[in-house]
Amino acid sequence: MNTVGFIGCGNMGSAIATAVAKAIEPSQILLANKTASKAEALAASLGCQAGSNAKAAENCTYIFLGVKPQMMADMLTPLQPVLRERTDAFVLVTMAAGLTIADIQAMADGSYPVIRIMPNTPVAIGQGMIQACASPEVTECTLAEFQMFMKECGRLDFLPEHLIDAASALSGCGPAYVYLFLEALADGAVECGLPRQKAYEYASQTLIGAASMVLETGRHPGELKDAVCSPGGTTIAGVHALERDGLRNAAMDAVKAAYDRTAALKK
């Protein structure tokens, strides 16, 4: 019997498996993937086991469903009899954008315990942001155990399911926005003469430091921004340029576009 199983070893499934393998004994983890060699390679690198979807559904207590939303029903349909025959406790853990807990239960053909999570890729290095919600069938004991082995992923926050899509549009998609901004900052520094690798290093640490200031001090981002902007100084000139070019509007539009796309996937 394995504790945790992953059906689907794409970018997100692999990232979470990598983090979970730091929290529990890797031999308790079973990896499955449509392309078996991908699961086998990841299993070898982490010290986990590899197997089939059916084996994960039959043997694992926590079954992570790491396939694309449009593939979920086709993946779960052949597993319905396997899940139906189980007499022990298990939990389905979904990370599919746009699919509700009720959707997963319908596709699995049973009122099974379901935990829905919306992670982002930094979970692979323990710096992720994961939102979660659970069906009524999930016990407090199960939630405590789940939080224990997810601790190496980063921050885990439970919130009402109707807020999951908005949260995902921010932190789930957000790393891509941040990488784009980071690259742009570095490009600006390169134009000013800074070597490329130095520019990436300085931009990266600047983003880490600034974000940590918000989390650790609890101060409003605007207040922290004002503290850097001396009257008539260089920083306020840069802020003016960002405002003129529509940074805030572009960032807000990006989150809203991701949210709208999630809504479209439900139709």
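Distance CD/Gln131 to CZ/Phe158: 11.0 Å, rounded to 0.5 Å. Here the CD atom belonging to Glu140 is positioned 5.5 Å from the CG atom belonging to Leu143, to the nearest 0.5 angstrom. Once rounded to the nearest 0.5 Å, the distance linking CD of Gln49 with CD of Gln28 reads 10.0 Å. Note that the CG atom of Leu207 and the CG atom of Leu185 stand 6.0 Å from one another [nearest 0.5 Å]. The structure places CE of Met148 at 11.5 Å from CE of Met150, a figure rounded to the nearest 0.5 Å. Asp253 contributes atom CG, which lies 10.0 Å from atom CG of Asp260 (distance to the nearest 0.5 angstrom).
Cluster annotation: Val114 is not connected to Val82 through the hydrophobic network of ILVMFWY side chains, with a link wherever side-chain heavy atoms come within less than 4.5 Å. Hydrophobic clustering (ILVMFWY, side-chain heavy atoms < 4.5 Å, transitive): Val91 and Val4 are in one cluster. A single hydrophobic cluster is not seen to contain both Leu182 and Met129; linkage of ILVMFWY side chains at heavy-atom distances under 4.5 Å, directly or through other members, places them apart. Leu99 and Leu79 fall within a single hydrophobic cluster, where Ile, Leu, Val, Met, Phe, Trp and Tyr side chains are chained together by heavy-atom contacts under 4.5 Å. Neither Leu31 nor Leu92 shares a network with the other; the hydrophobic side chains, linked directly or stepwise wherever heavy atoms of I, L, V, M, F, W or Y lie under 4.5 Å apart, form separate groups for each.
For Arg116 and Asp165, the salt-bridge test passes: some basic side-chain N is under 4.0 Å from an acidic carboxylate O.
With sequence neighbours left out, Asp109 forms a side-chain contact (heavy atoms from CB on, under 4.5 Å) with Gln80, Arg84. Listed by chain and residue number, Glu183, Arg196 satisfy the side-chain contact (heavy atoms from CB on, under 4.5 Å) test with Asp187 (two or more places apart in sequence, or in another chain).
The main-chain N or O of Met118 is never found under 3.5 Å from a side-chain atom of Ser168 such that the two would form a donor-acceptor pair. Here the side chain of Thr139 pairs a donor or acceptor atom with the backbone of Thr142 at under 3.5 angstrom. Panel note: side chain Thr35, backbone Ser37; no donor-acceptor pair is recorded below 3.5 Å. Remark: the backbone N or O of Tyr200 is paired with a side-chain donor or acceptor of Ser204 at under 3.5 angstrom. Using modelled atom types, no side-chain atom of Ser14 and backbone atom of Asn11 make a donor-acceptor pair closer than 3.5 Å. Glu152 places no side-chain N or O within 3.5 Å of a backbone atom of Ala21 that could act as its donor or acceptor partner. Between the Asn120 side chain and the Ser171 main chain, a donor and an acceptor come within less than 3.5 Å of each other. For the pair Asn53 (side chain) and Ile7 (backbone), a donor-acceptor distance under 3.5 Å is absent.
Using a 4.5 Å heavy-atom threshold, the side chains of Met72 and Pro69 count as separate. Within the 4.5 Å cutoff, the side chain of Met107 has no heavy atoms near those of the Thr77 side chain. Between Leu159 and Cys133, the closest side-chain pair of non-hydrogen atoms is not below 4.5 Å. Between Ile29 and Leu46, the closest side-chain pair of non-hydrogen atoms is not below 4.5 Å. Residues Met12 and Thr121 have side chains in contact (heavy-atom distance under 4.5 Å, counting atoms from C-beta outward). Residues Glu137 and Gln105 meet the side-chain proximity criterion, which asks for heavy atoms closer than 4.5 Å. With contacts defined as side-chain heavy-atom distances shorter than 4.5 Å, the pair Pro122/Pro175 qualifies. Counting only heavy atoms from C-beta outward, the side chains of Pro195 and Gln197 never approach each other to under 4.5 Å.
Between Phe90 and Tyr112, the distance from one ring center to the other falls under 6.0 angstrom.
Enclosure of atom CD in Glu223 by more than 12 non-hydrogen atoms of other residues, nucleotides or ligands within 6.0 angstrom is indicated. By the neighbour-count criterion of 12 heavy atoms within 6.0 Å, atom NZ of Lys22 is densely surrounded, having more than that number from other residues, nucleotides or ligands. Atom CE of Met252 is surrounded by 12 or fewer heavy atoms from other residues, nucleotides or ligands within 6.0 Å.
Taking every heavy atom of both residues into account, Leu156 and Gln147 meet most closely at CD2-CG, 3.6 Å. Across all their heavy atoms, Pro113 and Val138 have their closest contact at CB-CG2, 3.8 Å.
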CA sep, side-chain torsions, deciding dist, call: Thr100, Glu161, side-chain hydrogen bond (donor to acceptor under 3.5 Å, both in side chains): CA-CA 8 Å; Thr100 65; Glu161 186 172 21; 4.6 Å; no
Show your working on side-chain contact (heavy atoms from CB on, under 4.5 Å) between Lys68 and Met71 and close with a plain yes or no. CA-CA 5 Å; Lys68 292 185 167 107; Met71 299 170 59; 4.0 Å; yes
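Taking the six-membered ring for Trp and thresholds of 30 and 60 degrees, Phe146 and Phe64 have nearly parallel ring planes, at less than 30 degrees apart.
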Table please: side-chain donor-acceptor pairs of residues 234-245 below 3.5 Å, with sequence neighbours left out.
{"from": "Glu243", "atom 1": "OE1", "to": "Arg248", "atom 2": "NE", "distance (Å)": "3.3"}
{"from": "Glu243", "atom 1": "OE2", "to": "Arg248", "atom 2": "NE", "distance (Å)": "2.6"}
{"from": "Glu243", "atom 1": "OE2", "to": "Arg248", "atom 2": "NH2", "distance (Å)": "3.1"}

